[in-house]
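Only this structure's heavy atoms are used, side chains among them; waters, hydrogens and symmetry mates stay out. All chains are named by letter (A, B, ...) in the order of the sequence lines, taking the proteins before the strands, and each is independently numbered beginning at 1.
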There are 2 protein chains.
Amino acid sequence: MDEAAQSGRRGRASVRAARIQDVAKLAEVSTATVSRALATPERVSAEARARVMEAIAKTGYVPNPAARTLRSQKTYMVLVVLPDLANTFFSKILRGIEETLFEAGYGMIIGDLDGSPEKEAHFAAYTAAGRVDGAILLHGHLFGQSRGGEGAPDRIGIPLVALCEAIPGADIPQIEIDNRAAASRMTRHLASLGHRSIAYVSGPAGNILELERFLGYRDGLEAAGLSFDPALVIPGDYTIESGVAAGQNLVARASRPTAVFCTSDEMAIGLMRTLFSAGLKVPDDISVAGFDDIEFAAVAEPALTTIHQPRRELGQAAATALVALLQGRPTPKRIRLDTELVIRDSVAALCPMS
Amino acid sequence: MDEAAQSGRRGRASVRAARIQDVAKLAEVSTATVSRALATPERVSAEARARVMEAIAKTGYVPNPAARTLRSQKTYMVLVVLPDLANTFFSKILRGIEETLFEAGYGMIIGDLDGSPEKEAHFAAYTAAGRVDGAILLHGHLFGQSRGGEGAPDRIGIPLVALCEAIPGADIPQIEIDNRAAASRMTRHLASLGHRSIAYVSGPAGNILELERFLGYRDGLEAAGLSFDPALVIPGDYTIESGVAAGQNLVARASRPTAVFCTSDEMAIGLMRTLFSAGLKVPDDISVAGFDDIEFAAVAEPALTTIHQPRRELGQAAATALVALLQGRPTPKRIRLDTELVIRDSVAALCPMS
DNA sequence: AAGCTTTATGTAATCGATTACATGCAACTT
DNA sequence: AAGTTGCATGTAATCGATTACATAAAGCTT
């Protein structure tokens, strides 16, 4: 049952990878010296180092990660857990994470929950099994424990960082934007254009982001001297489909709000779709605002007024914090990056006549 | 320099993970029996197995992947290399891959080239270092060798599968759609609606997908009795931005085609954006077709006529093929999945008057 | 010059699993 | 009853690195 023979590849790529022993023999030093030449070059004489490097180049030696991990108990791998990879909001965040981790010598494993929380257990096992040195969590809670609960100990035992969705009660660094302030800002922007009836399309119930943004929406209403009307809150879950559904909800109403604040661009785009199909015009008949500033926001028709999140920077900040933790350095418990109100064409001043 | 003490976590999560020895001791068997109870249960007596299982449950034992890999030379990890994670086209493919790999007991590492081919070397090192058992390549060529070149041996030495972008001359399974036929189909569809001047927004030069689709475009023209006009080919690279640029190109022209076939939905959406900004109406003034059928295609304004690719199924098929390879089973060299022409609102019949 | 430090290197234990080989015992054959 | 076969299990080698400890040589101190 020789694999190489069986697959008919013998003699091709089946040359065994070089081991540290091969390098040591070629350089006429011990394996310890080879290892040191790579990890702590200053502790090896210049000539020995040169011979080792030459031997490495000649053999094409690459340290075996499994052996290295087994001995040093370090995987140089980080797990990134996110709720939905298909959500374009995350891709640029991942970029930021990946590039920062890469520079620090870490690889990245992506754990896509794909909307099914059961999968979380699967990825929690990754950490438990020691497959990764640390994890960045974008999905709003810790492994194992369903939710907060007075200082429950994190049974994971590896450094964690929460990104975007702050985890209440967890004693780990949190990297986020000020969702509440941003939502308030957008609500006030709409109000400042004369809108007095501003609907709100929410995120998933119980979601921390949603909580914050909802509070911001209410803050904004209050600051503008508008009263809160529960009938203007339409449930959503950040997906295009829920935006479409919210649009249908809106279209079916006898009296409609003049502006709609969707807490994700996906929902805003889905919602606009429904409005168009119903013959309504944006922003003439109704203004629509989004949140996130994904790539498609700028090219939507009409171009979407939204809140810009520094996605790449968020990823970088989270990765930087995690690497600090992994290297035993301290890191701030809470990092907040600034958002920006991006004014495009989907929101217009309310015509006094309507 | 005790890490646990330093980070102040001692006594919390710093309980050492259970090893196979701990389980063996508790179950009063040897480590070999524990290992066998997990890998080949039928070779262990029922009672021993029961004791082992109980001990595993009690200790929460999870085999150390590094140790397992070191000994068995299997990582149970697969690398997926793709050109651009931010391209929404890939996310559902990844889903299909991930779910299939997961069922087969494999994990997935994502290698995002992020538009910079240099990164390929980085991920090639993953395979060389034995971090993964196999790889799925979505970026159109093999590692190391820049391009084809008469039967160059794959120096990687691990099973590979090409997905979406067939790799010419490579002796590995290819999973794809019939890009040529699909492009031809769309071109004929446009022609059948009376369009005689059909522009083509291309993918990146040299890209295999692009090659195929371009051939399909020409097939379609020919089938419709239309002659090919090089002036109607506008360069693109599948991104929104290049679609925007293609739109500007179009707008600037004195005489415009009546239909534009964009070889990605992203480009189609970007292009429509530019047309709107220039005061043109889709599909009244000009018809626009896409390719891929990403999520946003259905909610674009107007909804995009495009080619639907079975993305999840493509991912599943690729993963299935790779797993077969990894397990020494044969797998077909070429798998082609069907596409579908999705007719929405961005393409209209040409008004004879114009 | 004896003793101490520093520097460079080698030897071998170690990480935690898998698995080839050995062993003991029961069941079966003739 | 002796020999054969097969099953369940244990012993120990092995994967390929890192690193604690040992050692040797060179440089310093007084």
Shortest side-chain distance from A:A32, nucleotide among D:dG16, C:dT19, C:dG10: C:dG10
Under-4.0 Å side-chain N/O to phosphate OP1/OP2 contact, A:Y61 with D:dA17: yes
Proximal nucleotide (of D:dT9, D:dA17, D:dT19) relative to the A:A67 side chain: D:dA17
Options D:dT18, C:dA17, C:dA8, nucleotide nearest the side-chain atoms of A:S45: C:dA8
Residue closer to the 5' end of DNA chain D, B:T33 versus B:L70 (nearest nucleotide): B:T33
Spacing of A:I56 atom CD1 relative to D:dA17 atom P, expressed in whole Å: 10 Å
Check ion pair B:E99-B:R95 (N to O, under 4.0 angstrom): no
Interatomic distance, A:E28 CD vs C:dT9 P [rounded to whole Å]: 13 Å
Atom of B:V23, atom of B:V52 and distance for their closest heavy-atom approach: CG1-O, 4.1 Å
Length of the CD1-C1' vector between B:I20 and C:dC15, whole Å: 14 Å
Separation of C:dT7 C1' from A:E42 CD (nearest whole Å): 12 Å
C:dT18 OP1/OP2 closer than 4.0 Å to side-chain N/O of B:S35: yes
Residue whose closest nucleotide on DNA chain D lies nearer the 5' end, B:S72 versus A:S72: B:S72
Between C:dT14 (P) and B:Q21 (CD): distance, integer Å: 12 Å
Nucleotide of D:dC15, D:dG10, C:dT19 approaching B:Q73 most closely (side-chain heavy atoms): D:dC15
Distance in angstrom units between A:N64 CG and C:dC15 C1', rounded: 13 Å
Among C:dG10, D:dT9, D:dG16, the one nearest B:R36 by side-chain distance: D:dT9
Atom-pair distance (CZ on B:R51; P on D:dT9), nearest Å: 8 Å
B:K25 with B:D22: basic N within carboxylate O range, under 4.0 Å: no
N/O donor-acceptor pair, side chain B:R43 with base D:dG6, under 3.5 angstrom: no
Taking every non-hydrogen atom, the tightest pair across B:P159 and B:L322: O-CD1, 3.7 Å
Under-3.5 Å donor-acceptor pair between B:R71 side chain and D:dT14 base: yes
Touch class at under 4.0 angstrom, heavy-atom based, for B:A48 against every strand present: sugar-phosphate
Whole angstrom value for the distance that separates C1' of C:dC15 from CG of B:D22: 14 Å
Candidates A:I175, A:I97, A:L138 - the one meeting side chain to side chain contact (heavy atoms under 4.5 Å, CB included) with A:L314: A:I175
